[in-house]
Undergrad: 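One structure, as structure tokens, below. Some questions next.
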Amino acid sequence: QKEVEQNSGPLSVPEGAIASLNCTYSDRGSQSFFWYRQYSGKSPELIMSIYSNGDKEDGRFTAQLNKASQYVSLLIRDSQPSDSATYLCAVRIGSARQLTFGSGTQLTVLP
Amino acid sequence: GAVVSQHPSWVICKSGTSVKIECRSLDFQATTMFWYRQFPKQSLMLMATSNEGSKATYEQGVEKDKFLINHASLTLSTLTVTSAHPEDSSFYICSVSSGNQPQHFGDGTRLSIL
């Protein structure tokens, strides 16, 4: 079992819809959770971080964390074609310095 | 503004050449920097963790004599791909972090070996 799992997609949603991206992790010692967006040919950029159970909202983005069920999700409201990218889920396990990344979910927002 | 500066952004060179990539932390002193490699349509692969003032920690399967890492100061780490060959062509990305904070990535270096 991979430490961080994401559905590779591709996930397609129409413009204006809500895109829902999911991530599960295996290590209950995981403490910090991050979502990165990576456009084709570019490096990842941080869009959300979440550390405690519940929801965290930032503009059109909402991160949801459920440590009991070991999943973290990202909701993108009012999806735009410019949101089309690969979204990477990353987890810091315990006191590790490095992050463990999922393989990413490719999102396409159709105009 | 940018947290990490990485350059060059693009390198094309002949097989057998050694290529040096620089990664600078702009906003804070980074005792730890990370080097990743990403092949087309594949996920990020951690190559090594660069530690200031000590030897880098390499991931399994990454040749330390092939990929030389130097982290001589708190703001600069370099990755040298020695005697590069076409199979080393890839997208190399560095990142920095401090404490429990997320990693911030450089813009990456696209390496093409002819």
Side-chain angles (χ1 to χ4, degrees), chain A residues 2-11 21 23-25 29-52 56 58 61 63 65 72 74 84-108, chain B residues 1-10 21 23 27 30-52 54 56-60 62 69 71 77 89-112:
Chain A
K2 291 182 180 178
E3 291 178 297
V4 180
E5 294 210 47
Q6 296 180 251
N7 187 330
S8 62
L11 172 66
L21 305 163
C23 172
T24 58
Y25 59 94
S30 302
Q31 299 292 329
S32 311
F33 307 86
F34 309 95
W35 283 99
Y36 289 83
R37 176 177 63 199
Q38 185 175 23
Y39 291 114
S40 180
K42 302 294 185 181
S43 64
E45 58 178 319
L46 178 71
I47 51 175
M48 289 287 283
S49 57
I50 187 165
Y51 303 93
S52 55
K56 180 180 177 183
D58 184 0
F61 299 100
L65 175 62
V72 56
L74 180 70
S84 298
T86 296
Y87 289 80
L88 301 169
C89 171
V91 174
R92 176 172 283 121
I93 300 174
S95 59
R97 292 175 297 177
Q98 75 275 15
L99 298 181
T100 301
F101 284 86
S103 56
T105 298
Q106 184 180 346
L107 171 67
T108 300
Chain B
V3 177
V4 184
S5 172
Q6 182 177 345
H7 75 92
S9 56
W10 195 291
I21 303 169
C23 180
D27 274 8
T31 55
T32 304
M33 296 186 184
F34 304 93
W35 287 98
Y36 293 84
R37 180 168 55 181
Q38 188 175 38
F39 292 105
K41 299 191 183 301
Q42 294 188 22
S43 57
L44 288 172
M45 187 193 82
L46 179 65
M47 299 176 66
T49 301
S50 173
N51 307 296
E52 188 269 336
S54 64
T57 305
Y58 290 83
E59 296 300 302
Q60 191 172 11
V62 179
I69 291 173
H71 193 156
S77 175
S89 298
S90 189
F91 190 42
Y92 292 85
I93 317 171
C94 72
S95 73
V96 304
S97 71
S98 177
N100 197 34
Q101 297 303 305
Q103 290 182 19
H104 294 276
F105 288 88
D107 288 339
T109 298
R110 193 161 302 281
L111 176 62
S112 296

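Keep in mind that what you see is a predicted model, and the values were worked out from it rather than measured.
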Undergrad: At a heavy-atom separation under 4.5 Å, does Leu46(A) approach chain B through its side chain, its backbone, both, or neither?
TA: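 Side chain only.
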Undergrad: Which side chain or backbone donor-acceptor pairs connect chain A with chain B at less than 3.5 Å?
TA:
from	atom 1	to	atom 2	distance (Å)
Ser32(A)	OG	Asn100(B)	OD1	3.0
Tyr36(A)	OH	Gln103(B)	N	3.1
Tyr36(A)	OH	Gln103(B)	O	2.6
Gln38(A)	OE1	Gln38(B)	NE2	3.2
Gln38(A)	NE2	Gln38(B)	OE1	2.7
Gly41(A)	O	Arg110(B)	NH2	3.3
Ser43(A)	OG	Gly106(B)	O	2.6
Arg92(A)	NH1	Asn100(B)	O	2.9
Arg92(A)	NH1	Asn100(B)	OD1	3.4
Arg92(A)	NH1	Gln101(B)	O	3.3
Arg92(A)	NH2	Gln101(B)	O	3.0
Arg97(A)	NH1	Thr32(B)	OG1	3.4
Arg97(A)	NH1	Asn51(B)	OD1	2.7
Arg97(A)	NH2	Asn51(B)	OD1	3.3

Undergrad: Name the member of Pro102(B), Gly108(B), Gly106(B) that forms the most heavy-atom pairs with chain A at distances under 4.5 Å.
TA: Pro102(B)
